[in-house]
Number of protein chains: 2
Amino acid sequence: MSIIRKTKTVKLLLKEFNKSNEAISVIELIDKFNKKMDKTTVYRILDRLEDSRILHSFVDQDGLKRYAKGASNTDFNNEPEIHPHFLCEDCGTSSCLPVTIQIPDIPNYTIKSAEHLLIGRCKDCVS
Amino acid sequence: MSIIRKTKTVKLLLKEFNKSNEAISVIELIDKFNKKMDKTTVYRILDRLEDSRILHSFVDQDGLKRYAKGASNTDFNNEPEIHPHFLCEDCGTSSCLPVTIQIPDIPNYTIKSAEHLLIGRCKDCVS
DNA sequence: TTTCCTACTGCAATTAAGTTGCATTAAACA
DNA sequence: TGTTTAATGCAACTTAATTGCAGTAGGAAA
């Protein structure tokens, strides 16, 4: 686990993630901060923040990497848990869902981690 | 849904998928058939086979597209179902798992589809 | 406060997955 | 067997992500 310096760029990214619980794609972040920092810096900071378990990541249906607050195997109360990620096909926003998905026992397989991606309409887009 | 001609290249790919129930990455296929067909052809055939619901696809943890036999929302008996995909971190093989994952009701969200990726050790790699 | 170490950054170049345009080829049906 | 047009190969391109390296700036220690 690498040491994290509180540089200007790190602070900017952390501020962005603290705005909401949304899962933000790297591309969005690069675009949003293109005046403030290089894309390489964005990639590297996200890497470090994930190493430090401040953020967690997953790959969405489009193959894009997305990051959100918190460790991947922990819920909002820091209890061990695997939570699903939601992607709204209408507005494109993504977020961590505060529910637990039950994985059935599969004989002869050992499951170490899981990634659940749910696609549909979010609360703002359901009409 | 486009018409599918039984060309040599289509037959080669279909034969590969009929060997097993494994989910094969596009990259593996391009590599395996690099003497037999162009990578563009591989991409386009897979596209067509998915359109025709002969194959289904998903994106794995590495952001790589993988294809496997059958339609995505159908089980091995053609019953509607959402099945998880498994990826062995030891041997790298991937497959569709014949189990159903229950998605809990999430208030205010409409879930249209889901992708479940389980990572661990397959039956051949569990020691 | 100043010094010093090294984590961090920016830039340019590169890799790798996937896409597009277009001229040519070959299924498949009359 | 000829005709239509789906399918292919090739080259060029796009886009996400990575790497190397010289220069910069956190922050601990003096």
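These numbers were taken from a predicted model, which means no experiment stands behind them. Below, chains carry the letters A, B, ... as their sequence lines are ordered, and counting in each starts from 1.
- With respect to A/Glu28, the salt bridge (Lys or Arg N to Asp or Glu O under 4.0 Å) criterion is satisfied by exactly one of A/Lys65, A/Lys39, A/Arg66: A/Arg66.
- Atom CG of B/Asn18 has more than 12 heavy atoms from other residues, nucleotides or ligands within 6.0 Å.
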Please list, pair by pair, any protein nitrogen or oxygen found under 3.5 Å from a nitrogen or oxygen in nucleotides 28-30 of chain C.
{"residue": "C/dA28", "atom": "OP1", "partner": "B/Lys6", "partner atom": "N", "Å": "2.8"}

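- Pairs passing the salt bridge (charged side-chain N to carboxylate O under 4.0 Å, His left out) check and including a residue from residues 111-127 of chain B, sequence neighbours excluded, read A/Glu89-B/Lys112, B/Asp90-B/Arg121.
- In this structure, A/Ser95 and A/Asn21 have side chains that are not in contact, with every pair of non-hydrogen atoms separated by 4.5 Å or more.
- Through direct or relayed side-chain contacts under 4.5 Å between Ile, Leu, Val, Met, Phe, Trp and Tyr, A/Ile101 connects to B/Ile101.
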Do any N or O atoms of the protein come closer than 3.5 Å to N or O atoms of nucleotides 17-20 of chain C, and which pairs are they?
{"residue": "C/dG18", "atom": "OP1", "partner": "B/Lys65", "partner atom": "N", "Å": "3.3"}
{"residue": "C/dG18", "atom": "OP2", "partner": "B/Tyr43", "partner atom": "OH", "Å": "3.0"}
{"residue": "C/dG18", "atom": "O5'", "partner": "B/Tyr43", "partner atom": "OH", "Å": "3.4"}
{"residue": "C/dG18", "atom": "O6", "partner": "B/Lys39", "partner atom": "NZ", "Å": "2.8"}

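- Side-chain atoms of B/Glu22 and B/Thr93 form no donor-acceptor pair, as typed in the model, at a separation below 3.5 Å.
- Distance check, rounded to the nearest 0.5 Å: CG of B/Leu29 to OG1 of B/Thr41 gives 12.5 Å.
- The bend of the helix from C/dT1-D/dA30 to C/dA30-D/dT1, defined by the angle between the axes of its first five and last five pairs, stands at 30° to the nearest 10°.
- Ring geometry for B/His85 against B/Phe58 counts as parallel: the plane angle stays under 30°, on a 0 to 90° scale with 60° as the upper cut.
- Ring planes of B/His83 and B/His56: perpendicular class, angle over 60° (limits at 30 and 60°).
- Checked against side chain to side chain contact (heavy atoms under 4.5 Å, CB included), A/Lys11 has the following partners two or more places apart in sequence or in another chain: A/Lys6.
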